[in-house]
Amino acid sequence: MALRIYNTLTRQKEEFLPVESGKVGMYVCGVTVYDMCHIGHARSVVLFDVIYRYLVDSGFQVKYVRNFTDVDDKIINRANQVGEDWKRLAERFIVEFYTDMDALGVLRPTVEPRATEHIDQIEALIGQLIDRGHAYEADGDVMFAVNSFNEYGKLSGKKTDELIAGARVEVDAKKRNPLDFALWKAAKPGEPQWESPWGPGRPGWHIECSAMSMQYLGKEFDIHGGGADLTFPHHENEIAQSEAATGRPFAKYWIHNGFVNIRSEKMSKSLGNVLNIRDILQRVHPESLRLFLLSSHYRSPLDYNETSIREASVGLERLYAAMAALDELGEVDGKAQQLPEELIDIRERFSQTMDDDFNTPRSLAILFDAARAVNRIATQARGARKLVPSRSLLEPVKSEILACSRDILGLLTEEPAGFLDHVRKAHLKDLGITEEEILSFMDQRSQARKDKDFARADKIREDLAERGILLEDGPKGTIWKVKELQQS
RNA sequence: GGCGGCUUAGCCAAGUGGUAAGGCGACGGUCUGCAAAACCGUUAUACGGCGGUUCAAAUCCGCCAGCCGCCUCCA
């Protein structure tokens, strides 16, 4: 089956046919580095991370470009507010970005260009637009003339006359048409600036993405992505600039991810409900967050709330537990020569779901089905080797599951035992209890159980439960876990 | 006002013409000293409402209701 992608440009799912067979050029709008990244950024970055991984896994030679907008009004404003050099501020938040994304297990793109390092290309592109009559100078600014590009509005489905009638466009005497937008902004005193044929200034926001994407991917490339809000005006403007300058089609497939709401409310600074990745990761395992982000289709809105994030944590633990069970079954090396259907052709079925516009919820269902099948074998077997599939049958199952979950979705990247350890240790401080204390209580309880003093044993277990620690007696002895913490 | 989208069980969430994936929760059972975990079973004659097309619709069309996004910096 071939990969099909929903293309914002055509408003339908289309078969993915790259410009050059076997190769993919993908550009995703990165962040403007003036603040910490929030859960919305996480959704976008994780989505395109998964798309990137899947394309590579599918055999494409992928060049993935994700930029940093490191000069911009917001950066300048913030720098002025906090009294920091704008360049240092941007630099600082690039470091913070990497801290979060590394924690989330996001792979580095092939190229991560910064606007400030591409001023030459930006100026060249602007020059081209002026030469071709698509842009004009106005008091040191350079504006793109929307009227000069007939197809303006084709991405967002807007018509220029309706947009003007909407009258929410900023009135600016410099503009010939209210929809015209800045390619180059004349520098005000004290602002970052570069020399240019139009005087000292800095690039407008939209032009950097056109310049950098074409620099690394060519005039015409395959995938361009970003958050749904970038469709208009940012991506619309990119198309206008790029196609007006080159006279050729720009990106072929446009992918936009839906927004994250916080407890059914739009996330916004004014509501004060912006959730930083950093803060979430204090209580939520990074893979739980990834699982949560991939649990609904990427174009749908996604609601972040206590229940959903807890469900993701529980689900992740279930998957890890099944992986541990799978390892144990492998040690048994049983005699059964048949696998249950949930464990057959996992990769192929997984690919089918991903090929359908990256349907990660269905992909996850395949993993959960596999987990249940593994656990079923483990339960039924109970020492009966004839019921357990042979090692030669199970080993490929494990590698198939990991090829899907670890390599593509970025889930189950840890060893099961390490995962459990990670989760419990991450929360011990919050619970105000040490592992030594827990182990000591567990010893006391074991002794009580040996003595058949079950009342005392249960009391110890209940006391620990009140402190947030769960005890589970298994075939290999007792283990302890941390109860789910309240999320905020 | 313009454009676009959504409405599936207690909750989350797939499914876009052939008779409802998966997860969480709940209930019953197996296992366990008791639990927990795990497994098994049950949990939507039904997909916002009303019409229409079709042998057949959650899936296509129309109307209505409710919710949401974009049109301004925004992932």
Side-chain angles (χ1 to χ4, degrees), chain A residues 8 11 13 28-32 34-35 37-48 72-74 77 153 156-159 161-170 179 205 225-234 236 256-261 264 266-269 274 291-292 295-297 299-303 305 307-319 321-322 324-325 353 356 359-369 371-382 449 452-455 457-458 461-462 465 470-475 478-481 483:
Chain A
T8 308
R11 269 158 276 265
K13 280 188 207 172
V28 175
C29 291
V31 293
T32 301
Y34 75 107
D35 205 347
C37 286
H38 54 65
I39 175 95
H41 296 113
R43 184 178 196 190
S44 184
V45 174
V46 167
L47 165 69
F48 288 103
D72 162 275
D73 289 344
K74 290 192 291 290
N77 291 341
S156 57
K158 297 181 189 307
K159 297 185 176 65
D161 47 344
E162 283 166 357
L163 280 166
I164 294 166
R168 289 181 76 175
V169 217
E170 193 183 333
L179 294 176
W205 174 37
D229 54 323
L230 296 181
T231 309
F232 189 91
H234 184 56
E236 194 70 72
H256 292 99
N257 65 276
F259 266 39
V260 179
N261 293 129
S264 306
K266 177 171 171 155
M267 179 167 65
S268 73
K269 304 230 157 148
V274 174
L291 178 60
F292 163 72
S295 66
S296 78
H297 187 83
R299 278 186 280 116
S300 308
L302 177 61
D303 195 55
N305 57 61
T307 307
S308 294
I309 206 70
R310 179 163 35 77
E311 282 180 9
S313 300
V314 171
L316 181 68
E317 201 171 308
R318 178 176 170 77
L319 292 177
T353 63
D356 183 15
N359 195 327
T360 53
R362 283 177 60 201
S363 311
L364 288 169
I366 290 170
L367 297 181
F368 278 107
D369 281 339
R372 180 154 26 79
V374 166
N375 286 332
R376 192 197 308 132
I377 294 171
T379 300
Q380 285 172 347
R382 292 275 161 88
R449 292 179 73 206
K452 304 276 184 215
D453 184 358
F454 294 119
D458 290 350
R461 187 171 60 195
E462 281 160 25
L470 292 180
L471 296 187
E472 290 180 11
D473 300 326
T478 304
I479 58 163
W480 65 273
K481 286 183 178 175
K483 265 206 270 189

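Comparing A:Cys29 and A:Ser156 by the nucleotide of RNA chain B whose heavy atom lies nearest to each, the residue mapping closer to the 5' end is A:Ser156.
A search for side chain to side chain donor-acceptor pair (under 3.5 Å) contacts involving A:Arg318 returns nothing, not counting sequence neighbours. Here A:Lys13 pairs with A:Asp356 under the salt bridge (charged side-chain N to carboxylate O under 4.0 Å, His left out) rule; sequence neighbours left out. Every residue two or more places apart in sequence or in another chain was checked for a salt bridge (charged side-chain N to carboxylate O under 4.0 Å, His left out) with A:Asp229, and none qualifies. Taking A:Asp473 as the reference, A:Arg445, A:Arg449, A:Thr478 meet the side chain to side chain donor-acceptor pair (under 3.5 Å) condition, with sequence neighbours excluded. Partners of A:Arg461 under the salt bridge (charged side-chain N to carboxylate O under 4.0 Å, His left out) rule, at least two apart in sequence or in another chain, are A:Asp458. Listed by chain and number, the residues in a side-chain contact (heavy atoms from CB on, under 4.5 Å) with A:Leu47 are A:Ile51, A:Asn257, A:Tyr298 (sequence neighbours excluded). With sequence neighbours left out, the side chain to side chain donor-acceptor pair (under 3.5 Å) criterion links A:His234 to A:His206, A:Glu238. For A:Asn77, the side chain to side chain donor-acceptor pair (under 3.5 Å) test picks out no residue, with sequence neighbours left out. A:Phe292 is linked by a ring pair (Phe, Tyr, Trp, His ring centres under 6.0 Å) to A:Tyr304, counting only residues two or more places apart in sequence or in another chain.
B:rU30 and B:rA36 are spaced 15 Å apart, taking the C1' atom of each and rounding to whole Å. With C1' as the reference atom, B:rU19 and B:rG4 are 31 Å apart, rounded to whole Å. B:rG48 and B:rU54 are spaced 23 Å apart, taking the P atom of each and rounding to whole Å. B:rC67 and B:rA20: their C1' atoms are spaced 24 Å apart (whole Å). Taking the P atom of each, B:rU45 and B:rA21 are spaced 13 Å apart, rounded to whole Å. Using atom C1' as the reference point in both B:rC12 and B:rA65, the two lie 24 Å apart (nearest Å). For the C1' atom pair drawn from B:rA14 and B:rC6, the interatomic distance equals 15 Å after rounding to whole Å. With C1' as the reference atom, B:rU8 and B:rG22 are 14 Å apart, rounded to whole Å.
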Could you run down the sub-3.5 Å N/O contacts of the protein with nucleotides 37-39 of chain B?
residue : atom : partner  : partner atom : Å
B:rA38  : O3'  : A:Asn375 : ND2          : 3.2
B:rA38  : O2'  : A:Thr379 : OG1          : 2.8
B:rC39  : OP1  : A:Arg318 : NH2          : 3.2
B:rC39  : OP1  : A:Asn375 : ND2          : 3.3
B:rC39  : OP2  : A:Arg318 : NH1          : 3.4
B:rC39  : O4'  : A:Thr379 : OG1          : 3.2

Please list each protein N or O that sits under 3.5 Å from an N or O in nucleotides 12-16 of chain B, with the distance.
residue : atom : partner  : partner atom : Å
B:rA14  : OP1  : A:His297 : N            : 2.5
B:rA14  : O3'  : A:Asn359 : ND2          : 3.0
B:rG15  : OP1  : A:Asn359 : ND2          : 2.7

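Separation of atoms CD1 (A:Ile309) and CG (A:Leu291) is listed at 8.5 Å; rounding is to 0.5 Å.
One can place CZ of A:Arg11 at 7 Å from P of B:rG4, the figure rounded to the nearest angstrom. In this entry the distance linking CG of A:Asp458 with C1' of B:rG33 reads 8 Å, nearest Å. Atom pair A:Leu179:CG and B:rU72:C1' shows a separation of 12 Å (rounding to whole Å applied). At whole-Å resolution of the value, CZ in A:Phe232 and C1' in B:rG5 are 18 Å apart. In this structure, the NE2 atom of A:His256 is 12 Å from the P atom of B:rC71, given to the nearest Å. Rounded to an integer number of Å, the gap from A:Leu291 CG to B:rC24 C1' is 12 Å. Atoms CG (A:Leu471) and P (B:rG33) sit 16 Å apart, rounded to a whole Å. Atoms CG (A:Asn261) and C1' (B:rC67) sit 11 Å apart, rounded to a whole Å.
Judged by atom type and distance alone, A:Asp473 reaches the base of B:rC34 through a side-chain donor-acceptor pair under 3.5 Å. On a pure distance criterion of 3.5 Å, a polar donor-acceptor pair joins the side chain of A:Arg461 and the base of B:rA35.
The backbone N or O of A:Ala322 sits nowhere less than 3.5 Å from a side-chain atom of A:Asn375 that would complete a donor-acceptor pair. Not one N or O on the side chain of A:Ser44 forms a donor-acceptor pair closer than 3.5 Å with the backbone of A:His41.
Distances from the side chain of A:Arg449 to the nucleotides B:rC74, B:rG33, B:rG22 place B:rG33 closest. Among the nucleotides B:rG33, B:rC74, B:rG2, the one closest to any side-chain atom of A:Lys266 is B:rC74. Comparing B:rA75, B:rC24, B:rC73 by their nearest atom to the side chain of A:Trp205 picks out B:rC73.
The ring of A:Phe454 lies on top of the base of B:rG33, close enough and flat enough: under 5.5 Å between centres, under 30° between planes. For A:Phe259 and B:rA75, the ring-to-base geometry satisfies the stacking test (centroid distance below 5.5 Å, interplanar angle below 30°).
Secondary-structure stems of RNA chain B, taken as three or more successive Watson-Crick or G-U wobble pairs (i with j, i+1 with j-1) under a 3.5 Å distance threshold, comprise B:1-7 with B:65-71, B:10-12 with B:22-24, B:25-30 with B:38-43, B:48-52 with B:60-64.
Within the 4.5 Å cutoff, the side chain of A:Lys269 has heavy atoms near those of the A:Asp35 side chain.
If you check every strand for non-hydrogen atoms under 4.0 Å, A:Asp72 touches nothing.
Judged by distance alone, the side chains of A:Thr353 and A:Ser363 do bring a donor and an acceptor atom under 3.5 Å apart.
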